[in-house]
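Bear in mind the structure is a predicted one, so any value in this text is a computation, not a measurement.
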Amino acid sequence: MPRTPINALKATASQPQRNSLDRADDRDRLPGSVVVNLRETLLLWYGHFGRDLPWRQSRDPYAIWVSEIMLQQTQVKTVIPYYERWLTLFPTLSALAIAEQQQVLKAWEGLGYYARARNLHRAAQDIMLRHQGVFPASPADVMQLPGIGRTTAGGILSAAFDQPMAILDGNVKRVLTRLVALPVPPKRAIADLWQLSEALLDRQQPRDFNQAIMDLGATVCMPHQPLCSSCPWNGHCEAYNQGIQAELPMAETRAPLPHKSIGVAVIWNDQGQILIDRRRQEGLLGGLWEFPGGKVEPGETVEACIQREIREELGIEITVGDHLIVVDHAYSHFRVTLNVHHCRHVSGEPQAIECDEVRWVTLTDIDQYPFPKANVQIIEALRHGETSTDHH
DNA sequence: TACTCGTGGTT
DNA sequence: TAACCAAGAGT
C-alpha cells in the first residue's frame with residue numbers, strides 16, 4: 001500500500017549526510033536551519049511559560065515513571081492528586097513491589113484503565129528481581145517492562161536521565177500535525193510523525209525539549225481554538241500559514257457506542273453482610289471488586305436476569321427484592337445501564353465460578369476494596385439508604 | 001491492523 | 001447533550 005506522500009515530514013536535521021539524489025526533495029523538507037530555529041524558540045518560550053508540575057521537581061525515575069503511567073490518556077488536572085497520594089502510599093519502587101495488588105488498585109481507584117496499575121505493580125516486581133531494584137537506564141530494558149511503550153519510555157528516559165529519546169504523545173501528535181499540515185488522520189502517519197519528533201528533538205536538551213513541546217500542545221496548540229498568536233512556532237507552522245489550524249488534526253472515524261442493560265444484585269445475608277466478587281485479572285476492570293450481575297437478555301425482566309445470573313455465576317439461590325438505583329455509565333467502547341436491586345440470600349454457598357473470589361463484607365469494611373466508578377455509586381446509594389430509613 | 005481498555009472535563 | 005478528547009499500551 002502506498003504511503004501518503006507527506007514531503008514536509010521528511011525532516012533531515014538528524015541526517016546531515018545526503019547524496020545528490022536527495023536534493024530534489026530539499027524544498028519540501030524542514031531545512032536544518034528551520035529545525036534549529038524551532039528548537040531555540042520553543043526552549044525560550046518554555047523558559048517563560050512552561051508549566052510547574054509536581055513530577056518535574058524530581059529526577060527519581062520511579063516517581064517520573066509513576067507520573068508517566070498515570071498521564072496516559074488522562075489529564076494533568078486529574079492526575080495530580082493521585083500522584084501525590086501514590087507517592088505517600090508507595091514512596092519507593094520497593095515499597096510498591098511488596099504491596100498487595102488490592103492496595104495498589106485501591107490507590108488507582110477512579111483513574112480508569114486499571115491495567116496501568118496492574119502493570120505498574122508487576123513491573124516494580126520485575127525490577128526488584130531482574131534489575132536489583134534499580135530502575136533501568138537503557139531503552140531496551142525500559143521498553144520490556146509491562147505498560148511501557150515507546151512514548152512512555154522516551155518520556156521517562158528523557159525526564160529522569162536527560163537521554164535524547166523522542167516522544168509521540170497526544171500533545172506532540174497534535175503540534176506536529178499542525179506544524180506540517182498533515183493531510184490525513186494522525187493514525188495514518190504514525191511512522192512519519194515519529195520521524196519528525198526524532199528530527200526535531202534537541203539532543204543537547206532533550207528533557208526540556210520534550211517537556212516544552214508537550215506544554216506547547218497542552219497550553220497553546222490545544223485541540224480547540226489554538227492560541228496561534230501566542231505560539232513560538234507560528235512563523236513555521238504550515239497549518240497556521242494556511243489558516244487551517246482549527247481543522248487539524250483530521251478526525252478519526254469512530255463507531256457509535258453500543259448499549260447494554262445489566263441486572264445487578266446487592267445480596268444480603270442474615271448477618272447484614274453484602275456479597276461482592278473480584279473480577280478476573282484480564283479484561284475490563286480486571287482485579288476490581290463489584291456487585292455481581294449480568295446482561296439482561298431480550299424479553300427478560302431485570303428481576304429474572306438477576307436471579308439467573310446469580311445462579312450461573314455464584315451457584316446460589318436468592319430472592320430479588322426492592323429496586324435500589326439505576327446507574328448509567330459510559331465506558332470507552334460501550335455504555336451500560338445498571339439496574340440494581342436489593343436481594344436476599346436463600347441457599348447455597350457462594351462459589352467463584354466466573355470470577356476470582358467472592359466475599360461477604362459489611363458496609364463498614366467495603367471501603368478497603370477497589371471498585372469501579374459505577375459500583376461506587378451503588379455503595380453511596382446503600383449508605384444513604386442506611387442513614388435515612390434502614391430496613392434490611 | 002483493529003480492537004480493547006475508564007473516567008472526567010469540555011463544548 | 002451527545003460527542004470529543006486527554007502525557008498510550010496490550011493483544
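Side-chain contact between Leu200(A) and Leu179(A) is present, with heavy atoms from C-beta onward closer than 4.5 Å. His329(A) is not listed as a side-chain neighbour of Leu338(A), based on a closest heavy-atom distance of 4.5 Å or more. A 4.5 Å side-chain heavy-atom check between Gln281(A) and Arg278(A) finds at least one atom pair inside the cut-off.
Annotation: of the two residues near DNA chain B, Lys187(A) and Ala374(A), the 5′-most nearest-nucleotide partner is Lys187(A). Residues Lys77(A) and Arg116(A) both approach DNA chain B. Their nearest nucleotides, taken by heavy-atom distance, put Arg116(A) toward the 5′ side. Nucleotides of DNA chain C nearest to Arg122(A) and Gln73(A) differ in position, and the one nearer the 5' end is that of Gln73(A). Projected onto DNA chain C by closest heavy-atom contact, Leu145(A) and Gln211(A) fall at different nucleotides, the more 5' of which corresponds to Gln211(A).
Of the candidate nucleotides dG6(B), dA9(C), dA2(B), dA2(B) has the atom nearest to the side chain of Arg188(A). Distance from the side chain of Tyr114(A) is smallest to dT7(B) among dC5(B), dT7(B), dA7(C). For Asn119(A), the listed nucleotide lying nearest its side chain is dG10(C); candidates were dG9(B), dG10(C), dC5(C). Looking at the side chain of Leu285(A), the nearest of the listed nucleotides dA7(C), dC4(C), dG6(B) is dG6(B). Residue Pro223(A) has its side chain nearest to dC5(C) when only dA7(C), dC5(C), dT7(B) are considered. With dA7(C), dT4(B), dG6(B) as the choices, the nucleotide that has an atom nearest any side-chain atom of His333(A) turns out to be dT4(B).
For Arg56(A), the CZ atom sits in a packed shell: over 12 heavy atoms of surrounding residues, nucleotides or ligands are nearer than 6.0 Å.
Ala251(A) comes within 4.0 angstrom of nothing in the nucleic acid, heavy atoms only. Residue contacts shown for Arg279(A) are absent, as no nucleic acid heavy atom lies under 4.0 Å away. In this structure, Ser332(A) reaches the bases: a heavy-atom distance under 4.0 Å links it to at least one base atom across the strands shown. Nucleic acid contact for Gly155(A): none, since no nucleic acid atom lies under 4.0 Å from a heavy atom of the residue. Residue contacts shown for Gly286(A) are absent, as no nucleic acid heavy atom lies under 4.0 Å away.
When the side-chain nitrogen and oxygen atoms of His224(A) are compared with OP1 and OP2 of dT11(B), none of them lie within a distance under 4.0 Å. Look at Arg335(A) and you won't find any side-chain N or O under 4.0 angstrom from OP1 or OP2 of dA2(C). Contact check, Lys173(A) against dA7(C): no side-chain N or O comes under 4.0 Å of OP1 or OP2.
Rounded to an integer number of Å, the gap from CG of Leu257(A) to C1' of dA3(C) is 9 Å. Atom CH2 in Trp108(A) sits about 13 Å away from atom P in dA9(C), given to the nearest Å. Ile69(A) places its CD1 atom 12 Å from the C1' atom of dG10(C), with the value rounded to the nearest Å. If you measure from atom CD of Gln75(A) to atom P of dC5(C), you get 12 Å, rounded to the nearest angstrom. Distance CG (Leu53(A)) to P (dA7(C)): 11 Å, rounded to an integer number of Å. Atom-to-atom, CG of Leu111(A) to P of dA9(C) comes out at 16 Å; the value is rounded to the nearest Å. Going from atom CE of Met250(A) over to atom P of dC5(C) covers 12 Å, rounded to whole Å. In this structure, the CD1 atom of Ile190(A) is 14 Å from the C1' atom of dA2(B), given to the nearest Å.
Interface remark: the Thr78(A) side chain does not form any donor-acceptor pair with the dG8(B) base, using a distance-only criterion of under 3.5 Å. Contact of Thr74(A) with dG6(B) (side chain to base): a donor-acceptor pair of N or O atoms is detected under 3.5 Å. For a distance-only test at 3.5 Å, the side chain of Arg51(A) qualifies as a donor-acceptor partner of the base of dA7(C).
With no hydrogens or angles considered, no side-chain donor-acceptor pair links Asp169(A) and Thr151(A) at under 3.5 Å. Between the side chains of His341(A) and Asp322(A), no donor N or O sits under 3.5 Å from an acceptor N or O. Side-chain N/O atoms of Asn339(A) and Ser261(A) include a donor and acceptor closer than 3.5 Å.
Comparing the same atom, C1', in dA7(C) and in dA3(C) gives a spacing of 22 Å after rounding to whole Å.
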